[in-house]
Amino acid sequence: MLVGAHEVQVFETARARLEAIAYRLLGSANDAEDAVQDTFLRWQSADRTLIETHEAWLTKVLTNICLNRLTSARARRETYVGQWLPEPVFAGDRMLGPSDTVEQRESVSIAMLTLMERLSAKERVVYVLREAFGYSHGEIAEVLDLTESNCQQVYRRAKQHLTADRPRVEVDATAARRIVEEFLAAALSGKTESLVRMLTDDAISAGDGGGVVLSAPRPITGALRVARFLRTLFKPSEAKWEMIGGRPDLFAAVANGVPALVMVVGDRVAGVFSLDVTADGIAAVHAQANPGKLERATRQWSASGHGEPLTGNW
């Protein structure tokens with residue numbers, strides 16, 4: 001069925017919201033874009049005269065596409081080399097979606113996107129639509145073909161799986177830069193004690209190199225172990241520079257709502273270290289170095305202003 005200018009406009013008006021939903025469900029900006037494009041193709045071929053509410057129809061189609069992608073993605077992750085982490089996106093990216101409430105901002109943090117891997121696909125959909133987009137249980141039930149009471153039960157289970165021991169501290173761009181500066185100074189000092197003081201006792205470090213860039217095969221836990229690992233990681237060497245394609249400049253930024261240390265080689269983002277900050281200190285360091293998961297970050301970085309590096313030619 002042909003799509004006229006009005007139908008295209010209807011879809012484009014919904015695109016940002018659909019991308020934000022898909023990103024939270026899939027943890028990948030690239031996969032989210034693909035899912036939204038598949039939704040457009042379904043919209044293009046549908047008999048739109050039979051669609052009563054465009055938003056509800058598009059959300060349901062997108063959700064079903066994401067459910068299928070989640071199932072296949074989990075199968076692929078069983079053979080994924082090393083740890084799998086979500087794809088980071090910088091502040092201002094429409095993939096981040098609504099950010100008016102604490103719940104909306106929390107739902108897109110790397111820490112929460114990683115935690116959501118614990119959920120079943122259906123639990124993840126219910127949690128995201130309810131927490132981040134304010135859908136009623138009745139609306140979500142229609143999307144998933146569930147009863148409303150069943151939807152409420154699924155939501156309660158999801159909440160239980162995702163209960164955080166310590167709430168994350170929200171920071172603005174200025175505070176984020178200060179935190180990244182302090183973290184980088186401690187990491188480059190070569191002194192384990194400096195890093196330990198910034199970390200919570202049960203801090204965790206996780207990295208995703210996708211089998212392309214060397215990273216720890218499993219999460220590292222405990223302040224002392226994490227500090228020792230970071231001290232070694234941030235010790236300059238020719239081997240490290242060769243692995244990421246050159247000597248990087250190190251910048252402070254905000255990614256997924258948290259302070260981030262960004263490694264840039266030339267005009268390419270080579271690594272993003274997201275710092276999950278609580279009142280007790282840095283609770284998690286999530287390092288994304290898989291080149292395939294930094295393509296959107298690179299495009300966004302090149303198109304935006306980012307100031308002077310904290311450290312040039314590291």
Side-chain angles (χ1 to χ4, degrees), residues 7 9-29 31-43 46 48 50-71 73-74 86 89 93-164 167-168 170 256-257:
E7 286 80 8
Q9 182 59 41
V10 167
F11 187 87
E12 290 305 319
T13 300
R15 182 182 288 275
R17 180 180 59 83
L18 296 174
E19 286 183 350
I21 292 173
Y23 176 62
R24 283 168 168 82
L25 292 180
L26 301 174
S28 164
D31 288 349
E33 286 181 326
D34 290 345
V36 172
Q37 186 58 30
D38 287 348
T39 303
F40 176 73
L41 294 177
R42 304 276 183 90
W43 170 252
R48 291 176 296 280
L50 302 177
I51 300 174
E52 294 183 5
T53 307
H54 296 152
E55 179 181 335
W57 188 92
L58 291 169
T59 301
K60 183 164 187 170
V61 170
L62 174 77
T63 299
N64 285 325
I65 290 171
C66 288
L67 283 170
N68 291 334
R69 285 178 172 267
L70 278 171
T71 301
R74 287 183 174 174
V89 293
D93 194 313
R94 69 184 186 185
M95 283 282 175
L96 296 174
S99 58
D100 298 327
T101 68
V102 172
E103 291 78 15
Q104 288 172 335
R105 294 188 291 273
E106 176 70 22
S107 70
V108 80
S109 70
I110 293 294
M112 181 57 75
L113 291 172
T114 303
L115 273 178
M116 282 198 281
E117 291 296 306
R118 300 177 181 178
L119 305 180
S120 70
K122 197 163 288 187
E123 287 172 342
R124 188 163 183 165
V125 169
V126 172
Y127 180 82
V128 165
L129 291 182
R130 179 68 178 160
E131 247 354 67
F133 294 91
Y135 280 64
S136 69
H137 286 296
E139 291 170 324
I140 300 171
E142 289 185 12
V143 168
L144 292 175
D145 294 323
L146 299 173
T147 65
E148 189 168 342
S149 61
N150 186 221
C151 182
Q152 291 171 336
Q153 291 172 357
V154 172
Y155 175 69
R156 283 195 294 270
R157 286 201 304 269
K159 289 277 284 185
Q160 289 169 357
H161 287 310
L162 298 176
T163 300
R168 185 165 57 87
E170 296 194 331
N256 295 78

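What you see below is based on every heavy atom in this structure, not just the backbone, and it leaves out hydrogens, waters and symmetry mates. Here the structure is a predicted model, which is why all the values come from computation and not from measurement.
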Can a donor-acceptor pair be found, under 3.5 Å and without considering hydrogens, that links the side chain of [X] to the backbone of [Y]?
| X | Y | result |
| --- | --- | --- |
| R48 | W43 | yes |
| R24 | L96 | yes |
| Q104 | A132 | yes |
| S109 | R105 | no |

For [X] and [Y], work out which heavy atoms get closest and say how close.
| X | Y | answer |
| --- | --- | --- |
| L113 | S107 | CD2-O, 3.7 Å |
| T63 | L144 | CG2-CD2, 4.0 Å |
| F133 | P98 | CE2-CD, 3.6 Å |
| S28 | Y23 | C-CD1, 3.7 Å |
| C66 | L26 | O-CD2, 3.8 Å |
| A46 | W57 | CB-CZ2, 3.7 Å |

Partner of I140 by side chain to side chain contact (heavy atoms under 4.5 Å, CB included), out of L146, V126, T59: V126

Parallel, tilted or perpendicular: ring planes of Y155 versus H137, cut at 30 and 60 degrees: perpendicular

Donor on one side chain, acceptor on other, Q9 and T13, under 3.5 Å: yes

Trace of the salt bridge (charged side-chain N to carboxylate O under 4.0 Å, His left out) decision for K60 with E142: CA-CA 8 Å; K60 183 164 187 170; E142 289 185 12; over 6 Å; no

Residues which pass side-chain contact (heavy atoms from CB on, under 4.5 Å) with I65, listed by chain and number, not counting sequence neighbours: A35, D38, T39, R42, V61, R69

Nearest 0.5 Å, what's the [atom1]-[atom2] distance between [X] and [Y]?
| X | Y | atom1 | atom2 | value |
| --- | --- | --- | --- | --- |
| L58 | R17 | CG | CZ | 7.0 Å |
| I51 | E7 | CD1 | CD | 9.5 Å |
| M116 | L25 | CE | CG | 7.5 Å |
| D145 | C151 | CG | SG | 11.5 Å |
| T147 | Q152 | OG1 | CD | 8.5 Å |
| L162 | R124 | CG | CZ | 9.5 Å |

Non-neighbouring partners of H161 that pass ring-ring contact (aromatic ring centres under 6.0 Å, His included), sequence neighbours left out: none

Any L18 side-chain heavy atom under 4.5 Å of F11 side chain: yes

Heavy-atom side-chain proximity of E33 to M95 below 4.5 angstrom: yes

Electrostatic pair E131-K159, nearest N-O below 4.0 angstrom: yes

For D31, salt bridge (Lys or Arg N to Asp or Glu O under 4.0 Å) partners two or more places apart: none

